[in-house]
Amino acid sequence: MSSIIIIAITAIVVLYLGLYKVKSALLPVSVLGLLGAAASLVCVWDKNISYFNDMLVFNNYAIAFSILLIATTILIFLLSGNYFEKISSNVAEYYTILLFALSGGVVMVSFQNMSMLFIGIEILSVSMYIMAGIKKTDSASNEAALKYFLMGSFATGILLFGIALIYGATGSFNLVQIAGKASEQPLLFYAGVIFMLIAMTFKVGVAPFHFWTPDVYQGAPTLVSSFMSTVVKTAGFAAFLRLFGSAFTSVPAIWTVTLVVMVVLTLLIGNITAAFQQNVKRMLAYSSISHAGYMLIAILLLGQASPNAILIYSVAYSIASVASFGVMVAVKEQKGSDDLSAFNGLGRTNPVLAFVMTVALCSLGGIPLTAGFFGKFYIFGVAIAANYTWLIAIAVLMAAVGIYYYFKVIIAMYLRESENSESIQLSLAYKFVLIFCIMITILLGIAPALITNIL
Amino acid sequence: MTLSILIFLPIAFMILVALLPSSLNHTFKYITLAVSIVQLIIAGFMYTHFNHSLPGVFNEQTFQFVEKHSWINLNLGTLGKLQIQYFLGVDGISIGLLILSAFVMAIAALASWEIKTNEKGYFCLFLLLNAAIMGVFSALDFFLFYIFYELMLLPLYFLIGIWGGARREYASIKFFLYTLLGSVFMLLVIIGLYFSVKDPVTGAHTFDMLSMMNPANYVQGSVFDIHSSTLLFGVSPRLLAFAVLFIAFAIKVPIVPLHTWLPDAHVEAPTPISIILAGVLLKIGGYGIIRICMGIFPDGAIYFSWVIGLIGVVSIIYGAMSALAASDLKRLIAYSSVSHMGFVLLGIASLTVEGISGAMFQMISHGVLSSMLFFLVGVIYNRVHDRDIANFRGLYSQMPTYSVFVFIAFFASLGLPGFSAFIAEAFSLIGAFNSNSIPRWMAVVGAVGILLGAAYFLWTLQRMFFGKTRFKGGEEWQSQLSDVNTREIIALSPMAVVALVLGIMPFLFFDMSNSAMVELVNSTLKSGSLHLETLSKLLN
């Protein structure tokens with residue numbers, strides 16, 4: 001709880017700092033606030049504290065995911081350096097809105113009550129609608145925001161409807177009580193489950209509710225897209241699993257079939273569409289859809305191993321995404337484009353950037369000795385144990401397609417010649433984030449046991 | 001510790017090369033060569049200390065130079081613990097290939113003198129590849145094997161893609177995707193095996209290959225349990241798994257029709273990488289089939305032996321025909337590799353001690369001879385940057401010493417008695433003739449392949465080396481085509497000597513592998529037919 005308060009207060013302080021034009025203090029204050037929030041979470045590890053009549057429960061699951069969200073946000077903030085200043089003069093609002101979004105994310109991973117879930121999702125979503133449209137003069141950004149807002153509010157409506165139906169069926173918002181009364185009003189309950197399933201899959205960008213993802217990712221400023229594809233997605237999945245893992249376990253037959261179809265669709269659409277993209281940012285947007293498909297498999301197989309599987313996958317995916325988006329921001333700043341051709345010859349002109357990108361893409365593709373491999377391996381392992389062999393056969397085939405499009409970027413970097421041979425100058429914080437990300441990626445690839453036995 | 005040193009020595013020096021400033025460019029090749037020579041010495045030490053009477057194959061006690069440490073332990077909740085071990089060891093199957101790898105890597109390091117651009121990146125990747133290759137041949141944990149197997153892919157991809165010829169981009173991605181497609185499905189089988197097998201000592205699920213080879217360790221009713229009657233896609237999961245693993249490894253061998261990456265990769269790769277591809281990489285396919293496919297799924301080896309034999313025969317004939325039609329010397333040799341590796345499959349399909357020993361020997365012999373052939377092509381290519389057969393004539397009078405090496409390599413490769421390839425092909429064919437599992441005509445057709453081999457090699461000799469000296473590049477080429485220098489002689493002589501020594505004294509290898517082969521064949525036949533019987537009972 002104290003972490004949510006710290007994050008919210010930091011956000012307000014940052015807003016005021018912006019009012020008094022102390023631009024240089026924005027980043028340090030935000031990072032300090034986030035570190036404080038993370039520290040307050042570490043202190044309550046294993047304590048299982050609940051607040052407000054079990055509205056929020058900070059168990060280890062919530063703490064682990066909250067820390068992941070906060071750490072990812074810190075990395076993205078460190079990358080931002082003077083990125084936001086180039087887009088707009090009101091930098092403070094970027095930090096503030098992202099911090100508010102983060103506090104929504106923390107609520108989402110620690111809720112024990114449907115109303116808190118709704119509040120968390122709304123805090124996160126409203127912030128993200130604003131962030132998507134923050135480039136006021138850019139029509140792509142406006143389109144993204146409008147699209148995101150219209151579809152998102154529709155999904156929120158469906159979510160609310162689902163919550164209402166479940167409340168009608170069970171008379172409770174509390175996850176544990178809902179699970180206990182699942183069979184009292186089956187029809188209402190099942191309808192509610194399906195409504196909530198649709199709303200949650202929309203929020204995490206799973207096919208067939210994925211249409212907003214590519215446009216929003218491409219329209220939003222790149223660092224905001226990286227926030228969406230890491231923090232928002234991780235929070236969404238953690239909430240999804242928490243909801244289905246504790247409230248709806250007794251009626252898996254109702255939603256597993258729907259979910260299986262969604263997994264297959266997501267994997268096919270995400271990967272195959274990504275393979276045809278010529279713009280790296282759009283390619284990463286589609287690939288993030290496909291990653292949602294892999295993570296959905298873990299939810300499909302609700303079991304003791306699911307939280308771990310989602311945690312490992314999101315750690316690997318978040319870190320690799322931050323690194324790859326970071327490289328993309330640097331490339332775009334110099335070349336003015338994030339098309340595939342902008343990466344030509346990067347291996348010669350900027351060996352460090354190219355190496356970071358290579359490791360990050362290998363991790364996203366799931367090449368051994370990177371964290372991403374263990375993420376996939378763990379999920380496939382759990383699925384095979386549950387006799388979903390055919391599903392995993394599709395997933396593996398799609399993973400191979402994934403490696404094909406990730407390697408298109410690597411090919412461009414190492415095998416093509418670039419027109420200009422200037423190297424890109426990076427700030428110290430930027431270099432630190434990139435190197436840190438790939439160190440973690442490789443470390444977790446060699447010794448995954450560091451995080452796998454947490455939950 | 002010996003095997004760990006063999007694997008991690010190149011990695012240590014890779015870090016050193018990466019840290020050294022680029023101004024020391026010229027020293028990198030010496031560092032790499034020194035690493036390879038030390039590895040060769042270690043391999044020699046292993047050869048002298050190898051106990052010939054211990055069979056290995058199925059029994060951990062009879063493996064040698066064993067290292068076993070716990071590496072990754074993941075808690076899968078209700079699914080138990082995931083136990084991955086750092087488990088290395090050699091037996092009669094792997095020792096020969098390990099020594100061959102050290103030898104070929106040293107030759108490839110000598111051939112790397114031709115690399116003139118971005119040396120640092122090249123030698124870093126070269127050393128990483130070296131480590132991965134050693135790891136593949138010594139890993140006994142399936143997961144560890146898979147990691148090394150994939151780790152090999154990345155450096156090769158970059159080595160072909162960055163330092164290759166004109167169509168390098170196409171060749172490297174084709175090579176990468178072919179291998180990857182095989183290996184991702186291999187991963188599925190690995191995971192399936194993992195959930196089917198329990199370590200008899202700890203009771204945890206394990207990736208230990210040797211535990212997977214013992215039917216007693218399978219969990220009752222699991223996917224790959226012999227007594228389980230579940231079907232996957234309408235077939236027995238065990239047979240399906242054998243097929244998947246076989247295809248994954250056969251892409252590397254390569255077999256017709258999955259061979260099309262090979263000519264492209266060979267033609268575009270720089271000489272040292274062609275040497276590694278032909279000398280070591282193709283052998284990993286054969287090694288995988290013998291150690292993993294046959295060892296874990298003996299029922300599949302018997303069930304599919306006819307198909308494997310047929311694929312082998314088709315590869316022999318098709319490879320030889322394509323070599324006859326090739327106009328590029330390097331492409332010709334690449335296709336001859338397809339043809340020669342067909343004998344490995346034929347030998348494996350025969351399921352006899354002679355046949356499989358012949359297959360193993362063919363892998364060693366082909367490793368040495370194809371390295372020599374690719375090195376020889378590299379010699380001409382470095383001088384005039386052309387290797388079309390039609391552009392050269394009368395090379396013998398221009399480069400006499402070089403031509404002598406070519407004669408040795410060609411005659412050895414076409415199976416002249418006295419050289420290693422003769423023994424290897426003869427044993428594979430004898431095995432195929434005596435085999436109960438494949439029909440005789442396969443051996444006969446395989447023998448025709450030797451004839452075709454003689455045809456393309458002799459025809460090439462005739463076209464390029466005999467007659468009056470005439471080159472496409474005229475006077476300019478004549479001045480550039482100097483005879484082999486000392487470094488090249490140092491690299492070529494050991495290969496010629498090894499081919500000859502193995503041809504005259506094949507027992508140097510057979511003594512080492514024989515007990516393993518006897519154990520492998522007997523046990524495969526016994527438990528394989530037992531499993532098949534159980535299977536047919538279950539299905540009817």
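Every heavy atom of this structure was used, including side-chain atoms; hydrogens, water molecules and symmetry mates were not. In the text below, chain A, chain B and the rest are named by the order of the sequence lines, each starting its count at 1.
B/S196 does not touch chain A: none of its heavy atoms, backbone or side chain, sits under 4.5 Å away. If you measure heavy-atom distances from A/A447 to chain B, you find no contacts under 4.5 Å at all. In this structure, no portion of A/S306 lies under 4.5 Å from any heavy atom of chain B. Heavy atoms of B/L154 lying under 4.5 Å from chain A belong exclusively to its side chain. Proximity to chain B (any heavy atom under 4.5 Å) is restricted, for A/F374, to the side chain, taken from C-beta onward. A/I411 touches chain B through backbone and side chain together, each having a heavy atom under 4.5 Å away. Within the 4.5 angstrom heavy-atom criterion, atoms from both the backbone and the side chain of B/L188 approach chain A. When heavy atoms are compared at a cutoff of 4.5 Å, B/I173 approaches chain A solely by way of its side chain, counted from C-beta outward. Contact annotation for A/A393: both backbone and side-chain heavy atoms come within less than 4.5 Å of a heavy atom of chain B.
Sparse packing is recorded around CZ of B/F13, with 12 or fewer heavy atoms of other residues, nucleotides or ligands lying under 6.0 Å away.
Between A/F377 atom CZ and B/Y194 atom OH the span is 7.5 Å, to the nearest 0.5 Å. Atoms CD1 and CZ, on B/I190 and A/F380 in that order, are 13.0 Å from each other to the nearest 0.5 Å.
With chain A as the partner, the residue from B/F143, B/Y149, B/W71 showing the most heavy-atom pairs under 4.5 Å is B/F143. Each of A/I403, A/I367, A/T389 has some count of heavy-atom pairs under 4.5 Å with chain B, and the biggest count is that of A/I403. When each of A/A399, A/G347, A/P448 is checked for heavy-atom pairs under 4.5 Å with chain B, A/P448 comes out on top. For the options A/R416, A/K408, A/R348, heavy-atom pairs under 4.5 Å to chain B are most numerous at A/R416.
Classification of the A/Y414-B/F158 ring pair by plane angle, with boundaries at 30° and 60°, yields perpendicular.
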Exercise for the section: Determine, step by step, whether B/L187 and A/F373 satisfy the side chain to side chain contact (heavy atoms under 4.5 Å, CB included) criterion, reporting the C-alpha distance in whole Å, the side-chain angles of both residues, the deciding distance to 0.1 Å, and the verdict. Expected result: CA-CA 11 Å; B/L187 184 64; A/F373 172 72; 4.1 Å; yes
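When all heavy atoms of B/G161 and A/L415 are compared, the pair lying nearest together is O-CD2, 2.9 Å. B/I147 and A/P368 make their closest contact through CD1-CB, 4.2 Å (heavy atoms, listed as atom of the first residue, atom of the second, distance).
With a 4.5 Å cut-off on side-chain heavy atoms, A/L397 and B/V184 do not count as touching. Side-chain contact check for B/L181 versus A/Y404: every heavy-atom pair is 4.5 Å or farther apart. For the pair B/L177/A/F407, no side-chain contact is recorded, criterion being any heavy-atom separation below 4.5 Å from C-beta on.
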